[in-house]
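In what follows, a single structure is set out as structure tokens and then discussed.
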Amino acid sequence: MDGVHDMGGRQGFGPIHYTPGAATFHAEWERRANALYGLAVRHGIFNMDEYRHGIERMDPRHYMGASYYERTLTSLATLLVEKGVVTRAELEQLAQGFVPLSAPAAPGRTNLPNRERFQPGDRVRVRDEFFAGHIRMPAYIRGKTGVVVRETPIYPFPDAHAHGVPAEDEPTFDVAFRSEDLWPQGADSALVHVGVFQSYLDRAT
Amino acid sequence: MDGVHDMGGRQGFGPIHYTPGAATFHAEWERRANALYGLAVRHGIFNMDEYRHGIERMDPRHYMGASYYERTLTSLATLLVEKGVVTRAELEQLAQGFVPLSAPAAPGRTNLPNRERFQPGDRVRVRDEFFAGHIRMPAYIRGKTGVVVRETPIYPFPDAHAHGVPAEDEPTFDVAFRSEDLWPQGADSALVHVGVFQSYLDRAT
Amino acid sequence: MDDQRIAPTRTASVEQRTDAIQAVMEARGMQPGAAIDSAYQLAEEEWVPLNGGRIVAKAWTDPAFRQRLLANGKAAAAELGLSMPPHHRHLVALENTADLQNVIVCTLCSCTAFTIIGLPPEWYKDLDYRARAVRQSRTVLKEMGLDLPASTEIRVWDTTTDTRYMVIPTQPPETIGWPEDKLAAIVTKDAMIGVARLPGT
Amino acid sequence: MDDQRIAPTRTASVEQRTDAIQAVMEARGMQPGAAIDSAYQLAEEEWVPLNGGRIVAKAWTDPAFRQRLLANGKAAAAELGLSMPPHHRHLVALENTADLQNVIVCTLCSCTAFTIIGLPPEWYKDLDYRARAVRQSRTVLKEMGLDLPASTEIRVWDTTTDTRYMVIPTQPPETIGWPEDKLAAIVTKDAMIGVARLPGT
């Protein structure tokens, strides 16, 4: 989905609030939220793609205003309700207030047809298509051409795995793009490497 | 600029909060904010492109969380400070608190070279380029091909007009795009008409 | 911008910020009080949907006016004594038919022909409408109560320049023959944005 | 989702929401208390940058290990007794040189090789870094204190799959000949993300 979570290249942001050796956690509840979502994953209540999509499905205003661990918490609460572990009513009674949950998911999809096996050096083009479910293709590479650097052995296909749709595991390809191709006249010069699932790629002609 | 204000086609949003004959204003200060920015425009303190860019330059988190008239207010405050009508210190003293202002603008640009005059029926392609200043080209048409429906007589070129850069007024073209071309496999079928400045267009080959 | 200020810790409320700006304008002799009074009056009495309603009613009843309106909306509006701000240089009238629905949105901000159809309603300025109307037009219209048959084509107009748009809704059949002033009164702002049709159409 | 609830008017605090979820997990026999204790211990004692430091130190001093690391990072890490969660199926080590700076970002969320280099620092998860690092790499690094000469190429790695990356910084010349454990201690998390170089490099 073309959600606000797809931040790569979006403008209007300011200086990085960088301090060397910065902390990971600020408050005690953040450590707990992080531990509890990990526990749910280990119990098989949801997988990492479902977890990430639970964050992406947050109301965009909430996403932009929430801290990192509030996003964790929102996905965790959403998935516990969606998976039937708890009702929203029970959760809100326990929390003594409104518990924001993410919007329902669009349907998933299985692996795409006409997948090709690419070799290092092959020129590939990211398919120019739009999918409303979970997808690990940042919008800034859509329709763009890059060069395969290596193949990485198979992973679950996110567009299926986040939605409970059966699919084969797929290779991903480390594809190098020139920043000048991604953002003509609008980027610092660099090679940008993106891990791209086989279903998202065509051979460049 | 590719800011969060460029909302067209972004996903994750929900139902329109529609009531027939809905109100424009909710609070008395909203009417005042709206009147005061109009007053500043009539006094020539800033023009409408500067005003719009003042909103676009808001911190993206603030933009997403602010109401419509808080965005008006933020651009107005920013431009009054940038134009030297008031200092931020004086404004904050009067407001008795922090006054959020928008980030500084990137440089503007003048009309682009190789502008062409198009006729109704001509196929045109929106230039695939990225500009960090004010621009009235929604990202969803970048690089896309459409058909010219009509020419509209000249307007100030926004990319210059919002930045105090000298430029010629330009015709705009009413260009019709198929939603299926804008968002392949990801849109309701429709013709989407966009007013596109001459500088943003090439003849489609 | 002004680094010597001591950054206050609490964000001023929107009311406080508005007050501060108004005070600055007052001190600069810009007479903000009069501007606010005038804006109230304009919003309530001048920039009313009845303006657009008069244009629509005349287009329904006067074929020659309809032609002039479609050729040059701003000049046709001026015939009825209706003006637009100087930066709105053009007005384009978009005619609905039984098989065509025009819908207006401004994805980049919230541009509207406000002197003609009235100031934009809240939902028009909301992020949801701006994000979705252009990509999910049929779905959004249906959610808003306008469930169009599949045979009805949708044209979305994204107001990216200072040309302004207004939709000419189709005329309810039972109003054929009504006088212009009675016709003008049935035309709603939402119908002129294109998210609603008039009853019976 | 659950339409029969009576929507409460006040949003529960993040602490209240965390408490509620923990209580649910407790009631379902999932032993969240033990998981939280374990997570504390893992974050503080197990998932420390010294893990990555040990990998880097060995790569600096053992050319055969370096080759195995570049060929299969996860297996090389396992040689040192370092593990990764099951869904992190691969680890790719990215070698900096004097003329090449590798930088890691996750534009879509905040993926990190956290068992190897430690949990991600706050700025890595912030929207600013995610939005800008991939498009304004040189500018962002400079703002963060790493002002690279124009001759240094930048490679940005966007962690879009569950393959994880770590940067092998260049070794400070004055540390040549140091023992592995002393070398491991000088390698910082930020250098393994690629936003900093080690002193003297």
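Each chain gets a letter, A, B and so on, in the order the sequences are listed, and its residues count up from 1.
Donor-acceptor pairing under 3.5 Å is recorded for the side chains of A:His26 and D:Glu122. Donor-acceptor pairing under 3.5 Å is recorded for the side chains of D:Thr139 and A:Asp188. Judged purely by distance below 3.5 Å, without hydrogens or angles, the side chains of A:Tyr140 and D:Asp158 pair a donor atom with an acceptor atom.
Looking at A:Thr74, the atoms closer than 4.5 Å to chain D (heavy atoms on both sides) all sit in the side chain, from C-beta outward. Heavy atoms closer than 4.5 Å to chain D are found in both the backbone and the side chain of A:His5. The contact between D:Met144 and chain A is made by backbone and side chain atoms together, counting heavy-atom distances below 4.5 Å. Both the backbone and the side chain of A:Ala40 come within less than 4.5 Å of a heavy atom in chain D. With a 4.5 Å cut-off on non-hydrogen atoms, D:Gln22 touches chain A through its backbone and its side chain both. For A:Pro153, the parts lying near chain D are the backbone and the side chain together; criterion is any non-hydrogen pair under 4.5 Å. Only the side chain of D:Ala43 comes within contact range of chain A, with heavy atoms under 4.5 Å apart. Residue D:Ala196 touches chain A through its side chain alone, counting heavy-atom pairs closer than 4.5 Å. With a 4.5 angstrom heavy-atom cutoff, D:Val103 does not touch chain A via any of its atoms. Contacts between A:Ile16 and chain D at a heavy-atom distance below 4.5 Å involve backbone atoms as well as side-chain atoms. For A:Ala77, the parts sitting under 4.5 Å from any heavy atom of chain D are the backbone and the side chain alike. Contact annotation for A:Phe173: neither backbone nor side-chain heavy atoms come within less than 4.5 Å of a heavy atom of chain D. For A:Thr24, the parts sitting under 4.5 Å from any heavy atom of chain D are the backbone and the side chain alike. In this structure, chain D has no heavy atom under 4.5 Å from any part of A:Val41. Residue D:Thr159 touches chain A through its backbone alone, counting heavy-atom pairs closer than 4.5 Å.
Remark: D:Asp37 CG to A:Arg32 CZ distance equals 11.5 Å, nearest 0.5 Å. Between the CD1 atom of D:Ile21 and the CG atom of A:Leu91 there is a distance of 5.5 Å, given to the nearest 0.5 Å. Atom SG of residue D:Cys109 and atom OH of residue A:Tyr68 lie 7.0 Å apart, to the nearest 0.5 angstrom. Here CD of A:Glu92 is found 11.0 Å from CZ of D:Arg10. Values are rounded to the nearest 0.5 Å. D:Asp190 contributes atom CG, which lies 8.0 Å from atom OG1 of A:Thr19 (distance to the nearest 0.5 angstrom).
Counting heavy-atom pairs closer than 4.5 Å to chain A, the top residue among D:Gln16, D:His90, D:Glu153 is D:His90. Ranked by non-hydrogen atom pairs under 4.5 Å with chain D, the options A:Leu191, A:Leu94, A:Val194 are led by A:Leu191. Of the listed residues (A:Val196, A:Asp174, A:Leu182, A:Ile45), the greatest number of heavy-atom pairs within a distance under 4.5 Å of chain D belongs to A:Asp174. The greatest number of non-hydrogen atom pairs below 4.5 Å with chain D, out of A:Asp49, A:Leu73, A:Val86, is found for A:Leu73. Contact count versus chain A (heavy atoms, under 4.5 Å) is highest, among D:Leu119, D:Val92, D:Leu127, D:Val140, for D:Leu127. Of the listed residues (A:Met48, A:Arg71, A:Arg52, A:Met137), the one with the most heavy-atom contacts under 4.5 Å to chain D is A:Arg52. The candidate with the highest count of non-hydrogen atom pairs below 4.5 Å against chain A, out of D:Ala23, D:Pro120, D:Ser13, D:Ala39, is D:Pro120. Annotation: maximal heavy-atom pairing with chain A below 4.5 Å, among D:Val105, D:Asp162, D:Asn102, D:Ile154, occurs at D:Asp162. Here A:Arg31 is the residue among A:Glu28, A:Arg10, A:Arg31, A:His17 with the most heavy-atom pairs under 4.5 Å with chain D. Considering only heavy-atom pairs separated by less than 4.5 Å from chain A, the leading option among D:Met30, D:Met25, D:His87 is D:Met30. The choice from D:Gln31, D:Gln101, D:Gln136 that makes the most heavy-atom pairs within less than 4.5 Å of chain A is D:Gln136. With chain D as the partner, the residue from A:Ala33, A:Gly186, A:Gly12 showing the most heavy-atom pairs under 4.5 Å is A:Gly186.
The aromatic rings of D:Trp157 and A:His193 lie parallel to each other, with less than 30° between the two planes, well short of the 60° mark.
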message: Does D:Val134 form a side chain to side chain contact (heavy atoms under 4.5 Å, CB included) with A:Met7? I'd like the steps, not just the answer.
response: CA-CA 10 Å; D:Val134 74; A:Met7 300 294 316; over 6 Å; no
message: Applying side chain to side chain contact (heavy atoms under 4.5 Å, CB included) to D:Arg135 and A:Gln11, what does each step give before you reach the verdict?
response: CA-CA 9 Å; D:Arg135 182 166 174 182; A:Gln11 293 179 308; 3.4 Å; yes
task: Give the intermediate values and the outcome of side chain to side chain contact (heavy atoms under 4.5 Å, CB included) for residues A:Tyr18 and D:Asp126.
output: CA-CA 10 Å; A:Tyr18 176 63; D:Asp126 282 351; over 6 Å; no
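When all heavy atoms of A:Trp29 and D:Thr18 are compared, the closest pair comes out as CE3-OG1, 3.6 Å. In terms of heavy atoms, A:Leu39 sits closest to D:Pro32 at CD2-CA, 3.7 Å. Closest heavy-atom contact between D:Thr107 and A:Pro138: OG1-CB, 4.1 Å. Across every non-hydrogen atom of A:Gly14 and D:Asp128, the tightest pair is N-OD1, 3.4 Å. Minimum heavy-atom separation, D:Ser137 to A:Ser189: OG-O, 4.2 Å.
The main-chain N or O of D:Thr161 is never found under 3.5 Å from a side-chain atom of A:Tyr155 such that the two would form a donor-acceptor pair. Looking only at distances, a side-chain donor or acceptor of D:Arg89 sits under 3.5 Å from a matching main-chain atom of A:Ile154. Of the possible polar contacts, none joining the D:Lys125 side chain to the A:Tyr69 backbone as a donor-acceptor pair under 3.5 Å is found. A:Arg136 places a side-chain N or O within 3.5 Å of a backbone atom of D:Thr160 that can act as its donor or acceptor partner.
Ion pairing between D:Arg28 and A:Glu90 holds under the 4.0 Å rule for side-chain N and carboxylate O. Ion pair A:Glu70/D:Arg17 flagged as a salt bridge, since at least one NZ, NE, NH1 or NH2 atom sits closer than 4.0 Å to an Asp/Glu carboxylate oxygen.
You'll find the side chain of A:Pro100 reaches within 4.5 Å of the side chain of D:Thr11, heavy atoms only.
Surrounding CD of A:Gln93 are at most 12 heavy atoms belonging to other residues, nucleotides or ligands under 6.0 Å away.
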